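For reference, the structure discussed in these notes is given below.
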Number of protein chains: 2
Amino acid sequence: MGRKIPEATIRRLTHYLRCIEFIKEDGDKIVQSRDLATFCDISDSLVRRDLSYFGEFGTKGVGYPISKLEDHIKKILGLDKIKKTVLAGVGNMGRAILNFPFIKNGFQIVAAFDVKKALIGNKINNVPVFHIEDIKEIIKRHSVEIGIIAVPQKEAEEVANKMIDGGIRGILSFALLKCPLKKKVPIRYIEIAAELEILSYEIEKEG
Amino acid sequence: MGRKIPEATIRRLTHYLRCIEFIKEDGDKIVQSRDLATFCDISDSLVRRDLSYFGEFGTKGVGYPISKLEDHIKKILGLDKIKKTVLAGVGNMGRAILNFPFIKNGFQIVAAFDVKKALIGNKINNVPVFHIEDIKEIIKRHSVEIGIIAVPQKEAEEVANKMIDGGIRGILSFALLKCPLKKKVPIRYIEIAAELEILSYEIEKEG
DNA sequence: TAGATTGTTAATCGATTAACAATC
DNA sequence: TAGATTGTTAATCGATTAACAATC
């Protein structure tokens, strides 16, 4: 129960959740470290190590009660309360985001933003689209915690700073934010090109 | 110059490429490990360590010649030759993929696939759309190396196996492929929900 | 040459694994 | 109880860092 928790552990917690979602469909009540390990293609002792950072959730000789484990992992990840989210950029990627059922994961997209007049005032998958100029005020008014950036590269940094002005607490971005931002908040990236490049390396390596 | 190269090193090579793309605009001819380190927010010795796995590209007392370094990194990643790519799934995510300029990264999308009659026969961003039933044959005919899966979860595994039947060498998937596939090929995932969940954890941690 | 940065080694740090006592 | 799996510790493994010799 040390204090510093590896990021790899946090990522695996999300994979354990995915596993739990699948096996809940089978109606099972218990899951064992070996089940989670097989699903994630890792060792069972790593599963137990990961979970033990946060407490004792299992029963010796039996396993982990599924719904209790699920609740605990969600609590650890802060998913026990719905997180209000906004989306900047209503292009194809933005539309894809709006049509994913992220609410199942605990993320409610309360508003989307763009600069295109034709989009503003519409609703997409029940999410209203506003002009990007309003983003700061709407983040403030609704206490939005997470901002997703799906605008073109050259607008991304300005949008990030507008989100930060509004008091956003974390950013998920499809575009690289290379300048120093007004305030330090957690930022994560979706790097599709990088993943393709790593895949290319792995293919070449295989010969 | 050991043999086992950390995946983290490979990922950072892609970040070095991004850095090089930016600084090439400034017309510089030399980049130093410190420049790359600052861009990537890591230590300069890690940059040199990463590069030294693959040879000696720099000049002591001076730095790395930018275009030589770029060529070497691209070669390492297998990006010196254009990689033919197909896309399965022409929904919003698929369209977003088709409209990204991945050709700049060395990936040429030669065909897209879907099951919707209305889409088949069209071109999107100059990429022809075929019925998913044709994917195996087209992968074979064009020696396509990479497949991108952007279809709904429940169709993803079938599509993956069709790609493998065609002889695909690597897969980038937006959907989780949990079953054992017909043949082992490198698979990478874009996990948007997981990234949001990790972000949630980081936000909660900050208090 | 003097000043600089690379390439590399050894030391450090951190994450995973193996093993097993605890216990249901 | 006997059989099983968890939780945890110590050992191992691997990646990062600091430092500096090499050298442009």
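Letters A, B, ... are given to chains in the order of the sequence lines, protein chains preceding strands, and every chain is numbered from 1. Model, not experiment: these values are computed from the prediction.
What separates NZ of Lys4(B) from P of dT16(D) is a distance of 12 Å, to the nearest Å. A straight line from CG of Asp50(B) to C1' of dT8(C) spans 14 Å, rounded to a whole angstrom. Residue Ile30(B) contributes atom CD1, which lies 21 Å from atom P of dG3(C) at whole-angstrom precision. In this entry the distance linking CD of Glu56(A) with C1' of dT8(D) reads 9 Å, nearest Å. Rounded to whole Å, atom C1' of dG7(C) lies 14 Å from atom CG of Leu69(B). Following rounding to the nearest Å, Asp44(A) (CG) and dG7(D) (C1') show an atom-to-atom distance of 12 Å. When the P atom of dG7(D) is taken as reference, atom CG of Leu51(A) falls 7 Å away, rounded to whole Å. What separates CZ of Arg11(A) from P of dT16(C) is a distance of 13 Å, to the nearest Å.
Looking at the side chain of Arg12(B), the nearest of the listed nucleotides dT5(C), dT16(D), dT6(D) is dT16(D).
Between Glu7(A) and Arg188(A), at least one side-chain nitrogen of the basic residue sits less than 4.0 Å from a carboxylate oxygen of the acidic one, meeting the salt-bridge criterion. The existence of a salt bridge linking Glu21(A) and Arg18(A) is confirmed by a sub-4.0 Å separation between a basic side-chain nitrogen and an acidic carboxylate oxygen. A salt bridge does not link Asp165(A) to Lys136(A): none of the charged nitrogens lies less than 4.0 Å from a carboxylate oxygen. Note on Arg169(B) versus Glu202(A): no salt bridge recorded, every NZ/NE/NH1/NH2 to OD/OE distance being 4.0 Å or above. Contact check on Glu197(A) versus Lys74(B) returns no salt bridge, with no Lys/Arg side-chain nitrogen under 4.0 Å from an Asp/Glu carboxylate oxygen. With salt bridges taken as basic N to acidic carboxylate O contacts below 4.0 Å, one links Lys83(B) and Glu204(A). Between Asp44(B) and Arg34(B) there is no salt bridge, since none of the side-chain N atoms of the basic residue sits less than 4.0 Å from a carboxylate O of the acidic one.
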Look for any protein N or O under 3.5 Å of an N or O in nucleotides 17-20 of chain C and output each such pair with its distance, or none.
from    : atom 1 : to       : atom 2 : distance (Å)
dT17(C) : OP2    : Ser43(A) : OG     : 3.0
dA18(C) : N7     : Ser45(A) : OG     : 3.4

Nucleotide N/O of nucleotides 21-24 of chain C paired with protein N/O under 3.5 Å:
from    : atom 1 : to       : atom 2 : distance (Å)
dC24(C) : O4'    : Lys60(A) : O      : 3.3
dC24(C) : O2     : Lys60(A) : O      : 3.4

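Contact between the side-chain N/O atoms of Tyr53(B) and the OP1/OP2 oxygens of dT16(D) is not found at any separation under 4.0 Å. Within the structure, every side-chain polar atom (N or O) of Ser33(B) is placed at least 4.0 Å from both OP1 and OP2 of dT5(C).
Rounded to the nearest 0.5 Å, atoms CZ (Arg11(B)) and OH (Tyr201(A)) are 13.5 Å apart. Rounded to the nearest 0.5 angstrom, Asp28(A) CG and Glu25(A) CD are separated by 11.0 Å. Leu17(A) contributes atom CG, which lies 10.0 Å from atom CG of Leu36(A) (distance to the nearest 0.5 angstrom).
The aromatic ring centroids of Tyr189(A) and Phe174(A) lie 6.0 Å or more from each other.
Residues Thr85(B) and Val110(B) fail the side-chain proximity criterion, which asks for heavy atoms closer than 4.5 Å.
Stems are defined here as 3 or more consecutive Watson-Crick or G-U wobble pairs with pairing distances under 3.5 Å; those involving DNA chain C are C:3-24 with D:3-24.
If you find the closest nucleotide of DNA chain C to Arg34(B) and to Glu7(A), the one lying nearer the 5' end belongs to Arg34(B).
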